[in-house]
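Only one structure is covered here, and it is reproduced in the block below.
Letters go in sequence order (proteins before strands), and every chain restarts at 1.
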Amino acid sequence: MNLEILLRSEIQKTVAAVFNQTVDNLQVQPTNAEFEGSHTLVCFPLTKISRKGPEETAKLVGEHLVQHSGIVSKYNVVKGFLNLSLSDKVWVDMLQYIYAHPNYGQLPANGEEIMIEYSSPNTNKPLHLGHLRNNFLGWSVSEIYKANGYNVHKVQIINDRGIHICKSMAAWKLYGDGETPASSGLKGDKLVGKYYVEFDKAYKAQISALVTKGSTQEEAEKEAPIMKLASEMLRQWEQKDPETLSLWKTMNGWVYDGFGVTYKRMGVDFEKLYYESDTYLLGKEEVLKGVEKGIFFKKEDGSVWVDLTADGLDQKVLLRSDGTSVYMTQDIGTAILRFRDFPKIVGQVYTVGNEQEYHFKVLFLILNKLGYDWAKRCFHLSYGMVDLPSGKMKSREGTVVDADDLMDEMVEEAEKQSRELGKLDEMSPDETKRLFNMTGLGALKFFLLKVDPKKRMLFDPNESIQLQGFTGPFIQYTHARIRAIIRKAESMNLNVTVDDLRAVTVLEPAEREALQVLSAFEGKVKEAAKDYSPAVIANYAYELAKEYNQFYQSIPIFNESDPAKLKFRIAFSKSIADAIKRSMGLLGIEVPERM
RNA sequence: GCACUCGUAGCUCAAUUGAAUAGAGCAUCUGACUACGGAUCAGAAGGUUCGGGGUUUGAAUCCCUGCGAGUGCACCA
């Protein structure tokens, strides 16, 4: 049940009846607070077919709607804007429907499948703040698509191949002294990351030593022994040298274990993992086929290129002169493999930072040239960098904020705040621990998701955890308060059935307003999917919480003497709590019963 | 240098994709607790939407231009 769709169809009928013409694009929007009504039809575009002034046009439509639609009770016209009030019966029906469907906001299955890739980190460094935005975004967009009725496949590509992992391996071999996660007590990804840093330190030291001995900078970069070792290991890896492969497997295994712990904490998961070491060969095959078909071309040195100058881009290398593959080659292979594995998917979403926009533009063009028509349905969900208040965070400059550390800090801060306010008396230690995790992570997720993904953003940890304002904890708190009210109603044996709601015929303005917000959920779920933007949902969850607070302040629920109205308000409270819970769920945020 | 993205209140973000007087939160100021969770609510103040042109009934939004910030332009991933 969707009020807007219902209203649109009524307006469509009216326009057809009054002006003898049909219009596809009706502009229906929420009415501004200063005017009476809930929905507004913008009538300027209609003047073309009505051949009358905007006000006259609006008046004709409004009058006809009140007379014939059965759902519009009143209208007023301001300039070209037709403000419509729906009858209270419509709102009561709406609440009945929502109250009967605790899963309100979930659209019926549409039989379509979609694949969403996210996370996809390098295996040589631990996860950082940027990965948090990526993971929360990808996971949330997946949930939003599920809510739209899609069957969603969550995947990631693991960058397990290449010189970067060999650097960690080389450093570990030289200085590791057999250290393992078990022996050091370090998380696997942290341990491997440590040796990646070790490599860099040793490499730089060796370069400057060679330079003081008289080498040029360039020579030194090539001749540094540790770099030679890493390159040698890469060669051995490609030749499937057993010892190198075994070390590679071991160290990658450590990283995966470490990442696994972090993913679990973040609350994200994957249906299937793709590994570059498995897909780059397929990519290579496809590129060679493309050469035969004349889609790509070979230079004299043997390297393979694609010419995109006709598309306004430049030429791009696909295979090196020694025949080995590059990043693009692997991504071609991965994309094709995924459509083979999941032939029914209607498209693929890549959650990757905006610094790779050019790469994906090229990738989709190439796939298109290779004749894959699904290339049109691949989408790069591009997101901006996350800055911190204390200067900017850039992974290349080493001032990264570690994901595990940040999550720890958020939970600690949540605990500190909660204890200061001291309402935890009745909770067991287990419950409080769960609560702190909920609010700490909720604060983090909400703050990272409330901003339009495309935009670069500033993460303020202190602001994010506040219980006031546009934050996760504020919404969680509001939910807990509503649940307290419902518990009280239950203790008074006030159980409300759907039929009880029919008894109410006249609503308070505050109730109408709040029902209007509540009824917008389905529309928001659709909008969020269309824009690939959890921010739409975050804004909506906040709106629900705020609306309830206002309602609560203006209408004391238990002071009501009319039992029908009392029941109505309790049902309404419960429906709002459910909607908050569900919308926050789409962001991967749990809401507590009490806090 | 070329390409792409962005620039909105002191700060962090919105604006249903071209509509009404550009909205929220934080911070600041003023009010409301004998109550069901006041961790709330009501109100005030805060804007030349970076500058300048243009398109039209109408522009933060579209086009041109200047300034500022960021990112990308490897036989790296």
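- In this entry the distance linking CD of A:Glu355 with C1' of B:rC76 reads 14 Å, nearest Å.
- In this structure, A:Lys450 fails the cation-pi test against A:Tyr542, since its NZ or CZ atom is not both closer than 6.0 Å to the six-membered ring centre and inside 45 degrees of the ring normal.
- Judged by ring centres under 5.5 Å apart and planes tilted less than 30 degrees, A:Tyr477 stacks against the six-membered base ring of B:rA39.
- Each of A:Gln417 and A:Thr31 was matched to the nucleotide of RNA chain B holding its nearest heavy atom; the match closer to the 5' end belongs to A:Thr31.
- Using atom P as the reference point in both B:rC50 and B:rA44, the two lie 26 Å apart (nearest Å).
- Between A:Asn559 and A:Phe44, the one whose closest nucleotide on RNA chain B sits nearer the 5' end is A:Phe44.
- The side chain of A:Asp452 sits closest to B:rA14 out of B:rG38, B:rA14, B:rC41.
- Nucleotides B:rA27 and B:rC13 have their C1' atoms positioned 15 Å apart, rounded to a whole Å.
- At a cut-off of 3.5 angstrom, the base of B:rA20 holds at least one donor-acceptor pair with the side chain of A:Thr40.
- Taking every side-chain heavy atom of A:Asp314 into account, B:rC73 is the closest of B:rG37, B:rA77, B:rC73.
- Contact check, A:Arg320 against B:rC76: a side-chain N or O comes under 4.0 Å of OP1 or OP2.
- Of the candidate nucleotides B:rC41, B:rA20, B:rA77, B:rA77 has the atom nearest to the side chain of A:Asn159.
- Annotation: B:rC76 and B:rU12 have their P atoms spaced 39 Å apart (nearest Å).
- Using Watson-Crick or G-U wobble geometry with both donor-acceptor distances under 3.5 Å, B:rA45 finds no partner in any strand shown.
- Distances shown here put a side-chain N or O of A:Tyr552 below 4.0 Å from the OP1 or OP2 atom of B:rG38.
- The nucleotide whose nearest atom lies closest to any side-chain atom of A:Val451 is, among B:rU40, B:rA77, B:rA14, B:rA14.
- A:Lys450 has its NZ atom 20 Å from the P atom of B:rG23, to the nearest Å.
- In this structure, B:rG25 forms a base pair with B:rC11, meeting either the Watson-Crick or the G-U wobble geometry with both donor-acceptor distances under 3.5 Å.
- Between A:Asn539 and B:rA14 there is no side-chain N or O to OP1 or OP2 distance below 4.0 Å.
- Taking atom P on both nucleotides, B:rG51 is separated from B:rC67 by 15 Å, rounded to a whole Å.
- Of the candidate nucleotides B:rA77, B:rG25, B:rA14, B:rG25 has the atom lying nearest to any side-chain atom of A:Tyr542.
- Within the shown strands, nothing qualifies as a pairing partner of B:rA35 under the Watson-Crick or G-U definition with both distances less than 3.5 Å.
- The separation between A:Phe474 atom CZ and B:rU40 atom P is 6 Å, rounded to whole Å.
- A:Gln553 has no side-chain polar atom (N or O) that falls below the 4.0 Å cut-off from OP1 or OP2 of B:rA42.
- Proximity of the aromatic rings of A:Tyr548 and A:Phe551 is defined here by a centroid distance below 6.0 angstrom, and this criterion is met.
- Between A:Arg8 and A:Glu4, at least one side-chain N (NZ, or NE/NH1/NH2) sits under 4.0 Å from a carboxylate O, which counts as a salt bridge.
- A:Phe360 has its ring centre no less than 6.0 Å from the ring centre of A:Phe379.
- Between A:Asp531 atom CG and B:rU16 atom C1' there is a gap of 9 Å when expressed in whole angstrom units.
- For the P atom pair drawn from B:rA15 and B:rA20, the interatomic distance equals 14 Å after rounding to whole Å.
- Across all strands, A:Ile570 comes closer than 4.0 Å to no nucleic acid atom at all (heavy-atom distances).
- A distance of about 16 Å separates the P atoms of B:rC62 and B:rA14, rounded to the whole Å.
- Summarising the base pairing, B:rG1 is matched to B:rC73 through a Watson-Crick or G-U wobble pair whose two defining distances lie under 3.5 Å.
- Pairing for B:rG51 is with B:rU65, a Watson-Crick or G-U wobble pair whose two hydrogen-bonding atom distances lie under 3.5 Å.
- Among the atoms of the strands shown, only primed sugar atoms or phosphate atoms (P, OP1, OP2) are found under 4.0 Å from some heavy atom of A:Met457.
- As judged by a 4.0 angstrom heavy-atom cut-off over every strand, A:Phe35 is placed among the base-contacting residues.
- Comparing B:rG38, B:rA20, B:rC4 by their nearest atom to the side chain of A:Glu357 picks out B:rC4.
- For the pair A:Asn354 CG and B:rA69 P, the interatomic distance rounds to 18 Å; values are reported in whole Å.
- Closest to the side chain of A:Val317, from the set B:rA19, B:rA77, B:rA74, is B:rA74.
- Aromatic stacking of A:Phe81 on B:rA20: satisfied, with centres closer than 5.5 Å and planes within an angle under 30 degrees.
- Remark: A:Glu232 engages A:Arg235 in a salt bridge, criterion side-chain N to carboxylate O under 4.0 Å.
- Here B:rA3 presents its P atom at 23 Å from CZ of A:Phe360, a figure rounded to the nearest Å.
- The existence of a salt bridge linking A:Glu357 and A:Lys454 is excluded, since no basic side-chain nitrogen approaches an acidic carboxylate oxygen closer than 4.0 Å.
- For the C1' atoms, the distance from B:rC33 to B:rC41 is 11 Å, rounded to whole Å.
- A:Lys455 comes within contact range of the sugar-phosphate backbone alone, with a heavy-atom separation under 4.0 Å but no base atom that close.
- Contacts of A:Gln27 with the nucleic acid, taken as non-hydrogen atoms under 4.0 Å apart, include base atoms.
- When the nucleotides B:rC41, B:rA20, B:rG37 are ranked by their closest atom to the side chain of A:Arg481, B:rG37 comes out on top.
- A centroid separation of 6.0 Å or more is found between the aromatic rings of A:Phe474 and A:Phe446.
- The distance from atom CG of A:Leu234 to atom P of B:rC76 is 11 Å, rounded to the nearest whole Å.
- Looking at A:Asp322 and A:Arg320, no side-chain N of the basic residue comes within less than 4.0 Å of a carboxylate O on the acidic one, giving no salt bridge.
- Picking from B:rA39, B:rC76, B:rA20 the nucleotide with the shortest atom distance to the side chain of A:Ile163 gives B:rC76.
- Under the Watson-Crick and G-U wobble criteria, each requiring two contacts below 3.5 Å, nucleotide B:rA20 is left unpaired.
- Counting non-hydrogen atoms under 4.0 angstrom, A:Pro30 reaches a base of the nucleic acid.
- Taking atom CD of residue A:Glu527 and atom P of nucleotide B:rU16, one finds them 8 Å apart after rounding to whole Å.
- Taking the six-membered ring wherever Trp is involved, the centroid distance between the rings of A:Tyr118 and A:Tyr383 does not fall below 6.0 Å.
- In this model, a side-chain donor or acceptor of A:Asn83 finds a partner on the base of B:rA20 within 3.5 Å.
- The cationic group of A:Lys298 does not satisfy the cation-pi geometry with A:Phe296, failing either the under 6.0 Å distance to the six-membered ring centre or the 45° limit from the ring axis.
- For the C1' atom pair drawn from B:rG53 and B:rU48, the interatomic distance equals 15 Å after rounding to whole Å.
- Annotated as syn: B:rU17, whose O4'-C1'-N torsion sits within 90° of 0.
- Nucleic acid contact for A:Gln550: sugar-phosphate only, since backbone atoms but no base atoms lie under 4.0 Å from a heavy atom of the residue.
- Among the atoms of the strands shown, none is found under 4.0 Å from any heavy atom of A:Asp460.
- At the heavy-atom level, A:Lys454 lies nowhere under 4.0 Å from the strands shown.
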